[in-house]
Each structure stands twice: as structure tokens, then as C-alpha cells.
Amino acid sequence: MKIRIATPVVLAAAIALTASACGGGGSSTSAPPSGDGKSFEFWSFTGIDQKTSVDKYQKDNPGVQVKLTEVGGSTETAQALTTALAGGKVPDLVLIQGDDLPKFVQQPQNFHDLRQLGADKIKGDYLDWVMSQSTAKGGEIIGIPTDVGGMAVAYRHDLFKEAGLPTDREEVGKLWPTWDAFIETGKKYTAATGKAFVDNAATSVFYQAVNQGPMKYYDPSGNVVYSTSPQVKTAFDLAIKAAQSGITAKQSSFSDGWSAGIGKGQFAVVSAPAWLLGQIERNAPDTKGKWDIAAIPGGAGNWGGSYLAIPKGAKNPKAAWDYITKTQSPQSQLEHFVDSGSLPTTPSVYKDPKLTGHKDSFFSDAPTGTIYTNSLLGLKPFHIGTDSAAIGQEFLNALENVEQGKGDAAKAWDAALANIKTAIGK
């Protein structure tokens, strides 16, 4: 999911949220839990339509009431949870984005060890490397994964045709076996059309390339290596190259300009993990059938994924666990994918005809199940540490400054390292 640093205003809102009986602020749906032991309070973040899942669960379980609060972005939700844990007033269930999870895993005493509720019996249903991220050193399991991102490139085939480029998804994928080839394709597109090729360099180049190797900001032992990892430096240099090549629209992901630009054809390409496809569709409903999906340069990688956790002070932990087991089983995750595009973390369904045969009509009937699971199967997992989100944000900030003409490309790497050290103290 997208990374956002919480502002002081957001932090104040988070404090107000926890002070009002865990969920009085933010966007809420459904009545308060009835106290019947089957109902519960649930905190989620915005932009993923969690209400649909909750509504279906309530329909399938008559009499159960779920008070859903959409706290804000994923970072705001993590901040609100941190404040709630300190204050002792917590929800029964909370959705935590993958990059925010490690700091909570380091404090497993703040959460129910889901092994005690039955996680040991179902942990084998999920990808090993995904499950390991929610497992503490002592073996405690604090979260069950809801989805992963996978990687691919969404492109406007009509705009590619106008530029004289191939439009078939297989042929398009062959245009960019590497990120250097991706940038060269962008130059050809921009030369032919006079328009931007890709939305931005920070997330559509750096944040994809950096998520494709075995060692990102931390080594496998949990040591910080962001300043020495070849994977990070290579991804950063590629993004600088893209930013300076004139192929980007300079629209930061998820900004108002980015959302409008998708519908207006201001750029032809967006690097799109599975969860981002819904945002493209919501922002540009009139472009149905003009988009398609091709393989990501390098072929494999993952950006995103979230977990459901039950805080230790939850009043209705068994009700929350029932929700987890019923909504995150392999079959339920498969149904979520077909309905909403959330990529399953349960490999047993990766060969299911419902997934392999699924085609997304908005994206020219692209076989999204096959495309995204293929990107996962070639992935070499990397360690996510307690400061991964903060480190990534500073790299993105440095790249955006260069792209917007506010930073010196030659000094951007050193500036990012200095800011990271200030942010995390190492």
C-alpha cells in the first residue's frame, strides 16, 4: 500500500480517535458492537473498500455487528494503533500494512498470539515468506496476511498505438526486459508524442526496482544496509536516470494531479501492483478497455500487502478471530481476488481455474491472476525492518525533489542518506 508520513494534524486526529473509545473519529460504518461476544470493533485504512468485506461478513453471519472505522491512510492507522496501545483502549481487530508491521512484531506482548486461537493450524495455507513477517522471534504470530501486491505495468494501448509502439501485452513486455530498456522505451514514446510516458520516477521506477531483489534496506539478519545495498543504489540511480530523461509527468502517486492525470491520458504507463488496479479504475472509469497489463521489467517483485491483528486488550478477540478465519481462508481470498482484485497470499489457489482464468474487462481482459502470481513466484524475499517505511519515504522524497527541480541529482543520494540517518538515528 502507499506510504505516507503522518502530519501533526493527522497525529492529533489519531489521538482524538483513541480518546473517543477506540473508533469515535475517522470514517465509521455499522452500529457499535452489541456485547454479544460475536460483534467487534475493526480499524482499517482507507482506499481499499474494506466495507464490502465487512458487509458480506455481516450478511453471512446474521446478528453480528461490526463497527468499522477507516482511520486514514495506512501510516495514519499504524500511528493511531500505537497511540491506542499506549493508552489501553484498542479495537478488537486492526489492519496493518506490511511496511508498518515490523515495529509491532517487535512488541508481541501487545497482541494476541494467534497460535492460541488456531493460527498454527492454518499458517501453512499462506506463503512462507509472507507469514514469517508477522512471526516474532519467540514464535508468536501476531498477524494473518490478507493480500500481497505482486508487480506489473499498466499501460494505455491506445496511446501506445498512437506512438507507433506495439500494443499486444506480450510484445509490450518484451520492450522492457530491464529497467534501462523501460526508460529507452519511454524516450521513444515521448519523442513520438511529445507527452510524458510514465507518471513519475519515484514510485514507478525506484519503488518497483528496489522491491525486486533479496536485500533491500535490511540484510537477512535484520541489520540496516540501506546505504550499502547494491539493490538500493541501483534502483535509486535508475530513478534518477528516468527523472532526468524527460519521460515522466512529474505526478506524485496518489496526489490529486496523479488521479486526474490517469483519466486525462497525461501519461501512458503506471507501475501497478495488483491493489493499484482498482484505483486506476475508480479514477478513470471512462477509460475502460483502453488499458492493458504487461510484465514488470525484471519479471518479479512485490509491493504491498497487509495483515489482520488482534490487540492484547481487545474485548472480543474470539469474534475478531472468527472474522479472520472466515474472510482470509484460501477460498475466501480467491473470492476477494475475483471480486476486488486483492491478490491472494494462499498459494494453493494459484492454479485454481477461477484465478488462472480470471480476466479483467477494464484492462482489456488481461489475465491478471496469472500475471501477478507469476511475478510472485520468481520473487526472492527481502527482510522488512522496523524503519523500512521511514527509509523508503526519504528515498522517495529525494527523488521527487530531483524530479520537481527542487533537488540536485548529483547530491540526491547523499541527501537521502543524511535525511534517513536523521529520521531513524542510524
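- Annotation: the span from Phe160 atom CZ to Thr185 atom OG1 amounts to 7.5 Å, rounded to 0.5 Å.
- Residues Ile247 and Ile183 form a side-chain contact, since some pair of their non-hydrogen atoms from C-beta on lies under 4.5 Å apart.
- Using a 4.5 Å heavy-atom threshold, the side chains of Lys51 and Leu68 count as touching.
- Residue pairs meeting the salt bridge (Lys or Arg N to Asp or Glu O under 4.0 Å) criterion with at least one member in residues 118-131, sequence neighbours excluded: Asp120-Lys123.
- Judged purely by distance below 3.5 Å, without hydrogens or angles, the side chains of Ser253 and Asn200 pair a donor atom with an acceptor atom.
- The line from CD of Glu281 to OG1 of Thr287 is 8.5 Å long, rounded to the nearest 0.5 Å.
- Between Phe40 and Phe42, the ring planes are tilted. Angles from 30° to 60° get that label.
- Atom NZ of Lys233 is surrounded by more than 12 heavy atoms from other residues, nucleotides or ligands within 6.0 Å.
- Between Asp60 and Lys56 there is a salt bridge, since a side-chain N of the basic residue sits under 4.0 Å from a carboxylate O of the acidic one.
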Apply side chain to side chain donor-acceptor pair (under 3.5 Å) to residues Tyr307 and Gln133 and explain how you reach the verdict. CA-CA 10 Å; Tyr307 296 77; Gln133 292 175 12; 3.1 Å; yes

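- With sequence neighbours left out, the side-chain hydrogen bond (donor to acceptor under 3.5 Å, both in side chains) criterion links His157 to Ser364.
- You'll find the ring centres of Phe236 and Trp413 inside the 6.0 Å limit.
- Taking CD1 of Ile141 as the reference point, atom CD of Gln116 lies at 11.0 Å (rounded to 0.5 Å).
- The list of side-chain hydrogen bond (donor to acceptor under 3.5 Å, both in side chains) pairs with a residue in residues 103-113, not counting sequence neighbours, reads Gln107-Gln109, Asp113-Arg115.
- Side-chain contact annotation: Asn61 with Lys326, donor-acceptor N/O pair under 3.5 Å present.
- For Phe395 and Phe206, the ring centers sit closer than 6.0 Å to each other.
- Between the side chain of Asp199 and the backbone N or O of Thr248 there is no donor-acceptor pair closer than 3.5 Å.
- Rounded to the nearest 0.5 Å, atoms CD (Glu170) and CG (Leu175) are 12.0 Å apart.
- Here the options are Leu355, Val349, Val148, the test is side chain to side chain contact (heavy atoms under 4.5 Å, CB included), and the partner is Thr373; only Leu355 passes.
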